[in-house]
Every structure is written in structure tokens, then in C-alpha cells.
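What follows is one structure encoded as C-alpha cells, with my remarks underneath.
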Protein chains: 2
Amino acid sequence: MNVKTLCLGALTLGDASGYEIRKLFEEGSFAHFYDASYGSIYPALGQLLDEGLVSVTEMVQDRRPAKKIYHLTNDGLQVFKEALAERPVRDKLRSENIVRLFFAEYLTEDSLQAVFDGYLHDFKAMSERLRSIDRSCLTAGRAFTCGMGLASYESIAAYLETNRESFFRSVDAAIQVSASPDSHQKKDES
Amino acid sequence: MNVKTLCLGALTLGDASGYEIRKLFEEGSFAHFYDASYGSIYPALGQLLDEGLVSVTEMVQDRRPAKKIYHLTNDGLQVFKEALAERPVRDKLRSENIVRLFFAEYLTEDSLQAVFDGYLHDFKAMSERLRSIDRSCLTAGRAFTCGMGLASYESIAAYLETNRESFFRSVDAAIQVSASPDSHQKKDES
DNA sequence: GGGGCCATGTAACCCGTTACATGATTGA
DNA sequence: TCAATCATGTAACGGGTTACATGGCCCC
């Protein structure tokens, strides 16, 4: 799945400009399962236009830059449905935060705390955002994925909070041990 | 963070070949927060060798292709620590599965069920794998991230299972409504 | 006056995936 | 016999990010 397909999907929710689609990825309904930047969205919309999968209307605004409102065509909807019908690839998570928690013993205590608390803060913020959505006026799919995001964010936030103390204690303990003179597992290099 | 850095991290866990590092991403400790393929791992190891961040020993084996065992140098460990000290970027999830659940009404019932059950199966398998790990012999960071992965996978699997019925019911209901003759929100295209 | 938001777009670059190339051994 | 596992590597290609380029309005 690429940004072009995601743009088609975004337009099934209603006509939108490239700027508005970007917001959808950044803080809207797509935020918890995909990301895309202007540098990919604008070229994608241009290509979709060339292929006739979207149409565009220029909206000149008062006291605002002109907007290009994109609209999904029937062809575009068909192409989107076909793309959805393909078998999905495995979810891919890339978490630099988890990498840092995994290698906690190679960070200073300050760095580790910054990572930990920043990470916890992210999950709380995302939970908050999802919790504030009124799911009763959403389609089945949107409500379901919203609830799923909420369930996973809340469980991670809870895990982080309940295990914070013991985690820092055991990292500390490990660092004490490795700093003592009788434990040099790492030998000299060639 | 790139594959080169992750390879350095992998080697802090012990000497390994490119093939073994790949397994770490595929089914080992890294599997639930990063991914990388041979096409990125082998070139990465080659570059790290040029830069003196790893050393290599060729192991000729009986009845097996020769192995190149890579070993982290002191320089490599330093570089890895410095990379970890940088501020992590936001976690990035790319989930084609969630995209499909989000747009459930554009899938056939069969496709949707295949996606749903495949997704649930993935989470159960990953939970199973993490649950089978004996955390008592892991470092603090590894045990903690293992527990975190388990908490999130289990909560998602539970969410999927408990909401399966009602989800399919409401998707069905929506499709019935949109198929009835008096609901054509989507108008003709230019 | 300065930062942030609105708004679009391009180009260079990075990086990783996919597919290809090779080949032996082991177990069903 | 056929698939899977072990084992390394390259090259073409795709795709997205970052940074650059531009500019006005609004609020503090």
C-alpha cells in the first residue's frame, strides 16, 4: 500500500485538499496507523489526477492561499476497492523508543528517563485524542479501529506506568553490577 | 535509526552472522519493533566493517556454507551508544490491516473476514511467542520490552475477539442500508 | 516583530525492498 | 523428489523524507 492508495481512501471520507489530507495523517483518523508527508501527498495527488482517479476544483479564498479541492471519481473508488481487496502485508512497526528501552543499560539515567516519560506521554496523548472521539456517529470500520487503537494505547500506557519503578530499579542494579571491577565481559578487540 | 545501527545493537547481544541477525528481526527479540531484510543487512555489515565498527571471522563449517561471524569492536559500541543517546523519533506504524478494517464497507464479507481472522491470528501468534520467553534470565530492558509487547498484543487480541460479532453485524447493517435504492450519497463524477 | 498556521509544490537524497544469483544439506 | 533451511551477496527499483522555495494572514 502506498500514499496514492491512502489518498484515495482519504477522499472517500469527503473532498479535501492536500493540506487537509496531510492533517488526516498527522492528527486525524489515519494518525494511529499510517503516516505521510507533503512531499509524498502532493505528487501522489498529481498522479491520481493524471490517471483520472480524482478531479480537482480550485477554490480561491479570501485572505487565504488558494486551495485545490480534490474529489474522488468513480474510477478512483473502483481502484481503491481493488487495492483493498489485495491481501495485506504484515504490520510494520518501527519503534526507536522501544529500541532505546530494550538497550536501556547503554543509556544514561537521564536519557532513559527522557525516553521513557516522552514515550508514556505520547501514548497518553494519543489515548486522550481517541477517547474524545464520539464513536456513535462513525461508520462501523472507523469506530472499530478507533476502539482498537484506544485499547492498545491504554494498555501500553498502563504497562509503562505500573512497571516504571521496578524497571528503573532493575536497570540501576544492572549498571551497578557492570560498573564493579570484577565484571568485564566485553573483551579487547582486534 | 537505520539498519546499520540496529546491526550494532544486534551484535551487543553476542557475535553473529548476517543470517543470524536477520533471524533476530524475523522471529527473535527485535521482531516486535523493527524489521530488516538481507538486502539491507549484508550491505550494512560490509559498511560497518569498512568503518572498523565490527570485525569479522570466517567460519568454515562441515556440510554447511561458510559463515562470517561479526563481532562488535569498542569503536562500534561507542558509536552505538552515541546513536542511542539521540532523541528518538515518533513510533511509526504502517498497518495495512487496520486500513482494511477502517474501510470495512468497501470489502466483500469474505475478504473482510480473511483480513480480520488473519490479523487476530498474527496477534495470537506473537503473544504466544513472547509468552514462551523466560523473562527472568533477560536484562532489564529486554524483559521490560518483552512484557510491553505482550501487554499490547494481548489487549489487541482480546479487543478483536470480544468485538468480532458486533463489528461484523454493524458492517453488515451498513452495507444493507447503502445497497437499498434510496441512499445514493455518492453523486456522478465530472 | 515574531512565531505559527494556512497552502502548494519540487528536487535531491536516503534507504530499504524485491528479485536475482548460487548451491549444499536435510527431512518429509 | 520437493520443500525448507542454511548461507552470502548484488543490482535495480520504488518510495518516502528532508530540505528548499514562496508568501500572506493572524494573534501575542
Side-chain angles (χ1 to χ4, degrees), chain A residues 1-8 10 15-28 30 33-50 54 56-70 83 86-96, chain B residues 1-8 10 15-28 30 33-50 54 56-70 83 86-96:
Chain A
M1 182 149 317
N2 52 29
V3 174
K4 270 167 72 176
T5 308
L6 271 311
C7 284
L8 292 177
D15 298 350
S17 64
Y19 189 82
E20 286 160 355
I21 292 174
R22 162 66 189 161
K23 279 201 301 186
L24 208 62
F25 284 104
E26 203 193 358
E27 52 188 23
F30 286 16
F33 55 82
Y34 245 94
D35 194 33
S37 58
Y38 292 126
S40 56
I41 292 169
Y42 284 120
L45 289 170
Q47 284 172 41
L48 292 170
L49 191 60
D50 291 344
V54 301
V56 71
T57 314
E58 196 128 358
M59 297 272 285
V60 181
Q61 297 177 107
D62 202 36
R63 297 159 194 278
R64 280 260 168 276
K67 237 185 196 179
K68 287 188 178 176
I69 303 291
Y70 291 90
E86 282 165 37
R87 197 198 277 149
V89 302
R90 263 267 205 80
D91 283 9
K92 276 188 177 42
L93 171 63
R94 311 215 131 172
S95 174
E96 296 203 3
Chain B
M1 181 148 319
N2 51 30
V3 175
K4 269 168 73 176
T5 308
L6 270 312
C7 284
L8 292 177
D15 298 350
S17 64
Y19 189 81
E20 285 160 355
I21 291 175
R22 162 69 188 159
K23 279 200 301 186
L24 208 61
F25 284 104
E26 203 193 357
E27 51 187 25
F30 286 15
F33 55 84
Y34 245 94
D35 194 34
S37 57
Y38 292 127
S40 55
I41 292 169
Y42 284 119
L45 289 171
Q47 283 172 41
L48 291 170
L49 191 61
D50 290 343
V54 301
V56 69
T57 314
E58 196 127 357
M59 297 271 287
V60 182
Q61 297 176 106
D62 201 36
R63 299 161 192 278
R64 280 264 167 271
K67 239 187 198 181
K68 287 188 178 176
I69 303 292
Y70 291 90
E86 281 164 38
R87 197 199 276 149
V89 301
R90 263 267 205 78
D91 283 8
K92 277 188 177 40
L93 172 63
R94 310 215 134 172
S95 174
E96 295 203 5

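Just so you know, these numbers come straight off a predicted model, no measurement behind them.
Below 30°, between 30° and 60°, or above 60°: for F33(B) and F30(B) the angle between ring planes is between 30° and 60°, a tilted geometry. Aromatic ring pairs are classed by plane angle as parallel below 30°, tilted from 30° to 60° and perpendicular above 60°; the pair Y19(B) and Y38(B) is parallel.
Across all strands shown, R22(B) has no heavy atoms under 4.0 Å from either base or sugar-phosphate atoms. Across all strands shown, F25(B) has no heavy atoms under 4.0 Å from either base or sugar-phosphate atoms.
Put simply, Y19(A) has a side-chain N or O that comes within less than 4.0 Å of OP1 or OP2 on dC6(C). Look at S37(A) and you'll find a side-chain N or O under 4.0 angstrom from OP1 or OP2 of dT17(D).
Closest contact between the side chain of Y70(B) and the listed nucleotides dG9(D), dT17(D), dT8(C) involves dG9(D). With dG15(D), dC15(C), dT17(C) as the choices, the nucleotide that has an atom nearest any side-chain atom of N2(A) turns out to be dG15(D). For K68(B), taking side-chain heavy atoms from C-beta onward, the closest of the listed nucleotides dT17(D), dT8(D), dT10(C) is dT8(D). Candidate nucleotides dT8(D), dG16(D), dC15(C) were compared by shortest atom distance to the side chain of Y42(B), and dT8(D) ranks first. Checking dG9(C), dT8(D), dG16(C) against the side-chain heavy atoms of S40(B) singles out dG16(C) as nearest.
Y70(A) is not listed as a side-chain neighbour of L48(A), based on a closest heavy-atom distance of 4.5 Å or more.
Under the side chain to side chain contact (heavy atoms under 4.5 Å, CB included) rule, C7(B) has a single partner from V54(B), I21(B), N2(B), which is I21(B).
Residues A66(A) and Y34(B) each lie close to DNA chain C; by heavy-atom proximity, the contact nearer the 5' end of the strand is made by A66(A). Between K92(B) and K23(B), the residue whose closest nucleotide on DNA chain D is further toward the 5' end is K23(B).
The CD1 atom of I41(A) sits 14 Å away from the P atom of dT10(C) (whole-angstrom rounding). At whole-Å resolution of the value, CG in L6(A) and C1' in dG15(D) are 13 Å apart. Regarding Q47(A), its CD atom lies at a distance of 13 Å from the C1' atom of dT10(C), rounded to whole Å. In this structure, K67(A) atom NZ and dC25(D) atom P are separated by 17 Å, rounded to whole Å. Computed from coordinates, the L24(B) CG to dC6(D) C1' distance equals 17 Å when rounded to whole Å. For K4(B) and dG16(C), the NZ to C1' distance is 14 Å, given to the nearest whole Å. The distance between atom OH of Y38(A) and atom P of dT17(D), rounded to the nearest whole Å, is 13 Å.
The two atoms that bring D35(A) and R22(A) nearest to each other are OD1-NH1, 3.7 Å, heavy atoms only.
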